[in-house]
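First up is the structure itself, then whatever we jot down about it.
Remember, predicted model here, so these are calculated numbers, not experimental data.
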Amino acid sequence: MNFIEECEQKLTKKFKDIDEISYFNQVKVLNAFNKHRVASRHFNGTTGYGYDDEGRDCIGSLYAEAFGAESGIVSPHLLSGTHALTVALFGLLRPNDALFCVSGMPYDTLRGVIFGENNGSLKDFGINFDYCELIDGHFDFDGIKNKLIKSVKVVYIQRSRGYELRDALSCDEIGKVCKFVRELGFEGCIFVDNCYGEFVEKKEPTEVGADIIVGSLIKNAGGGLAQTGGYICGKQRYVDLIGKRLTAPSIGLEVGSFASGYQYYYQGLFLAPHTVAQALKTSLLIGQAMWELGYKNYPSLDKTPYDITRAIEFDSADKMINFIREVQYASPVDSYVTCEPWDMPGYDDKVIMAAGTFVSGSSIELSADGPVKPPYIVYFQGGLTYEHGKYALARILSKLKG
């Protein structure tokens with residue numbers, strides 16, 4: 001514990017900066033609640049078609065306001081971040097259009113969506129795909145200029161690192177690439193996978209030039225309370241198109257009921273800025289401690305984190321697996337479970353995952369995972385409370401010492 005307290009002392013300034021961002025975002029969210037006159041009736045569920053579902057309509061507007069967007073979809077019927085991204089892409093793209101990712105190859109679970117064979121992918125519907133690698137974690141502006149052809153209708157940016165050894169992209173960087181592609185004459189949709197990045201900074205990508213942002217409610221934006229769901233926010237015309245894919249072209253966003261009610265979705269958004277701050281502090285503490293012990297980890301501690309994830313590099317599969325197991329053993333749920341690598345749907349390699357969470361698979365809760373392959377990287381994220389993260393670190397350190 002003395003070692004952990006020494007690490008905390010070195011992080012005093014960064015913790016203060018995180019608290020400032022958290023307060024700014026809390027006020028922004030609270031102002032959105034006030035502007036849209038949120039009332040207890042908005043928490044009520046509906047059945048059937050949901051024509052009179054005020055809660056559904058209000059929470060979409062609420063998220064849009066908080067994210068500086070024109071319109072929003074927030075739905076428990078979006079099953080995951082991957083599902084929300086899929087619905088949005090299919091809503092925006094048509095046969096012979098092209099999708100162009102300027103942040104490298106997208107995350108594993110999106111690859112089957114984009115160019116899978118005979119599985120209902122974008123490729124199966126005649127939609128083309130290209131990407132431009134990052135250079136040392138930054139946008140390759142020359143490469144983007146050379147590959148941005150006329151058939152590109154969506155420029156795609158993945159904010160978080162996924163299973164790559166790079167830092168998350170800041171809103172400042174995203175704003176610069178948005179401006180760059182517009183100056184090249186691009187008139188289509190700039191689309192950001194915002195997973196893990198919500199409320200980490202004072203701005204969101206929709207406030208710096210992005211047309212659409214998409215994320216999961218069991219990550220940052222749900223505040224640890226949302227039990228499922230995703231959001232899609234951005235320009236009205238694009239959200240309307242996506243809504244016709246979420247339901248049906250003839251119906252759009254006029255229907256959609258949810259009998260269980262929306263209280264956790266509203267309350268989760270209200271808590272999200274604070275919860276994200278807890279996760280960021282946990283990430284920095286883990287990073288400082290592992291760096292002191294000689295383990296490479298990213299983002300480096302001289303940088304502001306731009307999402308809640310941290311990548312920690314180990315020199316063996318055993319050390320990687322032991323780290324992840326200690327996260328599970330320190331969890332409030334299923335703490336007795338010993339994690340094992342397994343063939344997880346959507347991934348090319350065996351993945352080991354610690355997620356002793358109240359909401360299954362929630363990565364705003366303390367969790368860790370990674371594909372078991374060289375280099376052996378643990379992707380650590382979340383923490384509803386900083387105190388939980390601190391306790392988990394104590395267990396990890398004891399295991400490493402042993």
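Under the 6.0 Å cut-off for aromatic ring centres, F199 and F67 qualify, their centroids lying closer than that. Here the two rings, on Y266 and F270, have centers that are 6.0 Å apart or farther. For F15 and Y386, the gap between ring centers is short of 6.0 Å.
A distance-only check finds no donor-acceptor pair linking the side chain of S362 to the backbone of T357 [under 3.5 Å]. A donor-acceptor contact shorter than 3.5 Å links the side chain of E201 to the backbone of C171. Under the 3.5 Å distance criterion, the side-chain polar atoms of E173 are matched with a main-chain donor or acceptor of S170.
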Test salt bridge (Lys or Arg N to Asp or Glu O under 4.0 Å) on D172 and K176; report intermediate values, then the result. CA-CA 6 Å; D172 181 58; K176 288 177 181 176; 3.4 Å; yes
Could you check E8 against K390 for salt bridge (Lys or Arg N to Asp or Glu O under 4.0 Å), going step by step and ending with a plain yes or no? CA-CA 10 Å; E8 286 178 313; K390 187 173 178 177; 3.2 Å; yes
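Using a 4.0 Å cut-off between charged side-chain N and carboxylate O, R159 and D193 make no salt bridge. Salt bridge present: K281 and D19 bring a charged side-chain N and a carboxylate O closer than 4.0 Å. Between R41 and E54 there is a salt bridge, since at least one side-chain N of the basic residue sits less than 4.0 Å from a carboxylate O of the acidic one. A salt bridge links E340 to R325: at least one charged side-chain nitrogen sits closer than 4.0 Å to a carboxylate oxygen. Salt bridge present: E292 and K10 bring a charged side-chain N and a carboxylate O closer than 4.0 Å. Electrostatic pairing of D17 and K13 counts as a salt bridge here, judged by a charged N lying under 4.0 Å from a carboxylate O. Ion pairing of E207 with K202 is absent here, as no side-chain N (NZ or NE/NH1/NH2) approaches a carboxylate O to less than 4.0 Å. Ion pairing between a basic and an acidic side chain is recognised when a charged N comes within 4.0 Å of a carboxylate O; E70 and K235 show no such pairing.
A tilted orientation is assigned to the rings of Y107 and Y163, their planes being inclined by 30° to 60°. By the 30° and 60° cut-offs, the orientation of the rings of F258 relative to H77 is perpendicular.
Within the 4.5 Å cutoff, the side chain of F314 has no heavy atoms near those of the N322 side chain.
Checked by atom type, the side-chain pair E65/N31 shows no donor-acceptor distance below 3.5 Å. In this structure, a donor-acceptor pair under 3.5 Å is present between the side chains of T338 and Y329. When only modelled atom types and interatomic distance are considered, Y262 and N44 share no side-chain donor-acceptor pair under 3.5 Å. Under 3.5 Å, the side chains of S300 and D302 contain a donor-acceptor pair of N or O atoms.
For CZ of R37, the number of neighbouring non-hydrogen atoms (other residues, nucleotides, ligands) closer than 6.0 Å is 12 at most.
For the pair K219 and Y196, the cation sits on the ring face: its NZ or CZ lies under 6.0 Å from the ring centre, inside 45° of the axis.
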